[in-house]
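A short write-up of the structure that comes next.
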Amino acid sequence: MGNDFEKAVPRAGCARPKQSFSGPSVIASGSPSQIRNQGRPGQHYANYHSNSFNSEARRDEVQSRNTSGPNGFSGSGNKFQSPTGTIKAHGGGSQSNLRSLKSLQAVEQYYHTLQQMKWGPMTEHVLDSLHCKIDAFQANQVLKLLHDHTIALGFFQWLKRQPGFKHDGHTYTTMIGILGQARQFGIMRKLLEEMSRAHCKPTVVTYNRIIHAYGRANYLREAVKVFEEMHEAGYEPDRVTYCTLIDIHAKAGYLDVAMDLYGRMQEVGLSPDTFTYSAMVNCLGKGGQLAAAYKLFCEMIENGCTPNLVTYNIMIALQAKARNYENVVKLYKDMQVAGFRPDKITYSIVMEVLGHCGHLDEAEAVFVEMRRDWAPDEPVYGLLVDLWGKAGNVDKALGWYQAMLQDGLQPNVPTCNSLLSAFLKINRFQDAYIVLQNMLAQGLVPSLQTYTLLLSCCTEAQAQMGLCCQLMSITGHPAHMFLLYLPDAEPGGQNVRDHTGYFLDMMHSEDRESKRGLMDAVIDFLHKSGLKEEAGLIWEVAAQKNVYPDSVREKSSSYWLINLHLMSEGTAVTALSRTLAWFHRQILIMGTAPERIDIVTGWGRRSRVTGSSLVRQSVQKLLNLFEFPFFTTRGNTGCFVGCGEPLNKWLHNPYVERMHLL
DNA sequence: ATAGGGTTAG
């Protein structure tokens, strides 16, 4: 099944506004077209992004990126340290230094004016009253500092009306980039057209930004279309174009497409650079091919391409996740020998490793060490909240949450999720309720992860289901409507397929991991609630939509791998049953049968102890019950293998189609 | 003349 999906051109949807279910009545009676027509732009998701990073934090990032070279020294040259970050000023020489200073003042004036307000009729008057001439170069510098797209666009349009001012390719490209990041695709496109009319032809950079914007919002088809458009318009894609395409395809679960692009890039004579290598190392590692990732990392060095801090962080994180601690320590040292000081991300990776090994005190010690070089940010505090919460020590988790507030930081959604999860874990529902209410009161919009952890809790704590449901309901997340109005499966199940399809389309721009997490929780929940037919149908739709790209693949000709490794118990059983049923149908329809099937359960998602996995146990039970002819290989008791004639014979049984109902 | 894009934690 997976192979068909993976081979095909990415089918991740096309660009259209995100929709949200507008209310129960729509869904209850919901024909698909009704839902479509009544959908309105998803406020929910727009908010999520403006909340998850405040502009202060982002500026901080920009600053640290710009100022620290490999050794933490700031670059020399004509740079001014200013409150708005490092701005490279005009030319050289003492005469031009004065000019630079004036130019800088203009940039600062406009920036400070714009930063303080929302865009409104008054803003223009204030800008007019500055009586300060500005050219396209300076305007571009101001634009780069503005993260709010409404303000940026307001300023951009105001500039057009200034006598003597003319936008150029840079200001257009920067504006297009800001709009793209804010997912304002319509306006972005308009501006691209306008650009040609204004005699500023777009460049490769302009196209790259657009491709990136679509890709990060998960509109892969659209991103590829722009890539083709660009080609037809006579532009040659460069390293950045390829790097962007590689990254977005890998993130969306199309690792093979990413690999293919990597090859094509080299065929046209573009050698990979540090960014491209980093992206590739990351996507191989995340795709479960750690050995290949490390090989590429070494190859990169052999080819004379130096890893940067990000590359090291990626490689360290991958080794940490695979629990190869010796490699972690080695890379950590190599990184410092290469002249890079650990940054907040490096420290976070180390802290997380320590936390997961149960050494929370040492994780705290690393926090103290980090503090010597960096001001802790929200994610670092959030990590400690999470680690203590997972360790079951909610007092410590709360302590770190409060330390974060005292440090003047605003909590964000992931951190609240960690705290919420900590309370749920020890069944303190009243406190969980307070956390959730607090989130809402602060204008934080519960995320897919919030809903997912509540639903998982609901599945586990059967006795407290009512309380969990209450919590799920007050999140206001569309996933709740999806579950609440899930219809009973009609024969053939088309109604459930449609319902699920529309929900997943709505969740389009969420990242794949989050979607997988939610679908996993939903399927597990339904399976355990006895709605097995529905669970099976939902799994099929999710698989079709590439939410589980790694679950089924043809390793070599007629040799298939079913990977249940990252799934919950209910999902694993459902996925396995439906996949075997698919093989059954393939035999009947196409006459093609697999020669061998490996069913990999790993140790299961929640197990920390080798060999004691709930997933493995349930899968084995299921296989035994249906007399699936399997054996296990030496050294891997979590892998069930079926092959040859016994497998073929077994797959012919009609009951294979109904396995998931048991 | 000057400037613009892509990679990592939660």
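Below, read A as the first sequence line, B as the second, and so on, with proteins coming before strands; counting in each chain starts at 1. Just so it is clear, the model here is predicted, and its values are computed rather than measured.
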Please pick, from [options], the nucleotide with the shortest atom-to-atom distance to any side-chain atom of [X].
{"X": "A:Asp377", "options": "B:dG6, B:dA9, B:dG4", "answer": "B:dA9"}
{"X": "A:Thr173", "options": "B:dA9, B:dT8, B:dG4", "answer": "B:dG4"}
{"X": "A:Phe275", "options": "B:dA3, B:dG4, B:dG6", "answer": "B:dG6"}
{"X": "A:Asp343", "options": "B:dA3, B:dT8, B:dT7", "answer": "B:dT8"}

Near-ring test [Y]/[X], centroid separation under 6.0 angstrom:
{"X": "A:Phe165", "Y": "A:His167", "value": "yes"}
{"X": "A:His170", "Y": "A:Phe137", "value": "no"}
{"X": "A:Phe367", "Y": "A:Tyr381", "value": "yes"}
{"X": "A:Tyr262", "Y": "A:Tyr242", "value": "no"}
{"X": "A:Tyr207", "Y": "A:Phe227", "value": "no"}

Atom [atom1] of [X] and atom [atom2] of [N]: how far apart are they, to the nearest Å?
{"X": "A:Leu146", "N": "B:dG4", "atom1": "CG", "atom2": "P", "value": "16 Å"}
{"X": "A:Tyr312", "N": "B:dA9", "atom1": "OH", "atom2": "P", "value": "19 Å"}
{"X": "A:Met370", "N": "B:dA9", "atom1": "CE", "atom2": "C1'", "value": "12 Å"}
{"X": "A:Ile134", "N": "B:dT2", "atom1": "CD1", "atom2": "C1'", "value": "15 Å"}
{"X": "A:Lys390", "N": "B:dA9", "atom1": "NZ", "atom2": "C1'", "value": "12 Å"}
{"X": "A:Tyr381", "N": "B:dA9", "atom1": "OH", "atom2": "P", "value": "22 Å"}
{"X": "A:Asp511", "N": "B:dA9", "atom1": "CG", "atom2": "P", "value": "10 Å"}
{"X": "A:Met265", "N": "B:dG6", "atom1": "CE", "atom2": "P", "value": "15 Å"}

Ignoring hydrogens and angles, are the base of B:dG6 and the side chain of A:Thr244 linked by a donor-acceptor pair under 3.5 Å?
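A donor-acceptor contact between them is absent.
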Can you find an N or O donor on one side and an acceptor on the other, under 3.5 Å apart, linking the side chain of A:Thr276 with the base of B:dG6? yes
Show your reasoning for whether salt bridge (Lys or Arg N to Asp or Glu O under 4.0 Å) applies to A:Arg189 and A:Glu229. CA-CA 13 Å; A:Arg189 283 289 195 167; A:Glu229 262 172 50; 3.2 Å; yes
Counting any heavy atom closer than 4.0 Å, what does [X] reach on the DNA or RNA strands: base, sugar-phosphate only, or nothing?
{"X": "A:Val204", "result": "base"}
{"X": "A:Gly177", "result": "nothing"}
{"X": "A:Glu352", "result": "sugar-phosphate"}
{"X": "A:Asn417", "result": "nothing"}
{"X": "A:Asp386", "result": "nothing"}
{"X": "A:Ile349", "result": "nothing"}
{"X": "A:Asn140", "result": "base"}
{"X": "A:Lys286", "result": "sugar-phosphate"}
{"X": "A:Thr203", "result": "base"}

Just wondering, are more than 12 heavy atoms of other shown residues or ligands nearer than 6.0 Å to [atom1] in [X]?
{"X": "A:Lys166", "atom1": "NZ", "value": "yes"}
{"X": "A:Lys160", "atom1": "NZ", "value": "yes"}
{"X": "A:Met335", "atom1": "CE", "value": "yes"}

Can a side chain N or O of [X] be found less than 4.0 Å away from OP1 or OP2 on [N]?
{"X": "A:Lys251", "N": "B:dT8", "result": "yes"}
{"X": "A:Arg239", "N": "B:dT7", "result": "no"}
{"X": "A:Lys144", "N": "B:dA3", "result": "no"}
{"X": "A:His170", "N": "B:dT2", "result": "no"}

**Asked** Does B:dT2 have A:Phe137 stacked on its base, where the ring centres are within less than 5.5 Å and the planes differ by under 30°?
**Response**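 It does: the two rings, one from A:Phe137 and one from B:dT2, meet the stacking criterion.
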Ordered by number, residues from residues 291-301 of chain A within less than 4.0 Å of DNA chain B (heavy atoms) are none
